[in-house]
Amino acid sequence: MNKKIDIIQNNKKVVCFMDLRATRVEINISQFHHNLLVFKKMIGDKPLCLAIKGNAYGHGLVSMAFHAQEFVDVFGVATVGEGIKLRENGITQAIFVMSSHVENEIPLLCQYKLTPFVSHGVYIDKYQYWAEYYQMMFPIHLKIDTGMGRSGVMPDNALFIAQKILDSPNLILEGLCTHFAMADESESIYTSQQLQIFQKIIDTLQLNGISPPLIHAANTAGIINFRESHFTLARLGIGAYGYANHEEIAPVLSFKSKITIVKTIPKGYTVSYGCTWTAQKTTTIGIIPVGYADGYQRSLSNKAKVMIKGQLYPIIGVVCMDQIMVELPNNSQLWLEEDVLLYGNDSYLNADTVARWANTISYELLVSIAERVPRIYL
Ligand SMILES: *Cc1c(COP(=O)(O)O)cnc(C)c1O
């Protein structure tokens, strides 16, 4: 990324960055470090797993891993491919593969020393086979479904599968974990019920002489709202990137662009596909080269606002694949190349607000920022 080319202009050498387009994501690394420290303070000296899946929630997988390295003990990815990418870029910390995988990926898990979360007994023989093949001890975590209704073994099967893992000479039952469905609602008893079920399994295993060293349940909301969910490790995600109900953290990423065309349209003229917006008077509009191919959702059409010179301006017409149009004030004729904040580190115009306009959540907005948008680390 950011390949440089030298060009000669008026006998002077000018350096151009090939991906220095108007639209970019600026990532504030000191804010990221600050957020990490806020959560580290909450969990004490327990090891911290940073969820870095989904291209580090859109922030850039490998770069964020490097910037987080000195603060976290484990990285959490969803896919084997994300784990391999981290390994190939020199990341040596433990890596949890938190989503499920197919049998063909098991040799890769072993080769790249990636730690899977196990949700059924079918692959245990296969893990054993490949661990033996590579002559290694292979750590795995047993995941329990305590109410999420997604991955994890049902509570009644936990002991049986734990035994099966322990009976496999090349496997290590390193961890026992679960995941919350409602931890962002601090008043809800659902999380307490999940914790009770989890604790019962911890106790049952212990009675049978099984005590995996890493017991973990908490995501960001769990860390903040349920102190008793911290166990011996926490899995921090969205909070590290600045989106959680905690006043000491702030967004790390700002999605920005520039106005690249300013023009005036007459009363009655319509804007964008489908002619959904009509000028009620002579209107100055700005065109911004960002669209749904960049991860700026089409559902924001005629709804969202962007910030220019500290003020909010409405998007008019539908969001195109590569462009949006904004209604500007009449004195904006000279706003060519003016900076535009789409959303980011702003108390109002952040991913939560824009996600509400798009009828989604900050997570989905952030991970949707496309590969083609350059990430600039500040
Ligand atoms: C993504 C993920 C997390 C982090 O969740 P946040 O809500 O972003 O903190 C934790 N655990 C698992 C299993 C995950 O997949």
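Atoms within each ligand, like the ligands themselves, are counted from 1 in listed order.
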_List ligand 1 atoms under 4.0 Å from Tyr363, heavy atoms only on the residue side._
6 (P), 7 (O), 8 (O)

*Who's the nearest protein heavy-atom neighbour of atom 5 (O) of ligand 1, and how far?*
Asn219 CB, 3.5 Å

*Are His67 and Phe32 an aromatic pair by the rule of ring centers under 6.0 Å?*
no

*asked:* Are any of the N/O atoms on Arg235, whether in the backbone or the side chain, positioned under 3.5 angstrom from an N/O atom of ligand 1?
replied: yes

*Aromatic ring proximity, centroids under 6.0 angstrom, Phe117 and Phe96*: yes

*asked:* Taking the ring centre of each residue, are Tyr123 and Trp130 less than 6.0 Å apart?
replied: no

*Is Met98 touching ligand 1 with its side chain, its backbone, both, or neither, if touching means heavy atoms under 4.0 Å apart?*
side chain

*asked:* Could you list the cluster mates of Met137? Members are the ILVMFWY residues connected by side-chain heavy atoms closer than 4.5 Å, either directly or through other members.
replied: Ile172

*Considering distance alone, does some N or O of Gly237 sit under 3.5 Å from an N or O of ligand 1?*
yes

_Under 4.0 Å from a heavy atom of Lys53: which atoms of ligand 1 are those, numbered in the order shown and with their elements?_
1 (C), 2 (C), 3 (C), 14 (C), 15 (O)

*Around atom 9 (O) of ligand 1, find the nearest protein heavy atom and jot down its residue, atom name and distance.*
Thr220 OG1, 2.5 Å

*Return the set of residues passing side-chain hydrogen bond (donor to acceptor under 3.5 Å, both in side chains) with Tyr269 (not counting sequence neighbours), or none when no residue passes.*
none

*Just jot down the ligand 1 atoms closer than 4.0 angstrom to any heavy atom of Ile238, in number order.*
6 (P), 8 (O), 9 (O)

_Side-chain ion pair, Glu26 and Lys256, N-O less than 4.0 Å_ = yes

*Ion pair present between Asp294 and Arg24, side-chain N to carboxylate O less than 4.0 angstrom?*
no

_Closest to atom 8 (O) of ligand 1 (judged by heavy-atom distance), picking from Tyr57, Phe39, Phe96_ = Tyr57

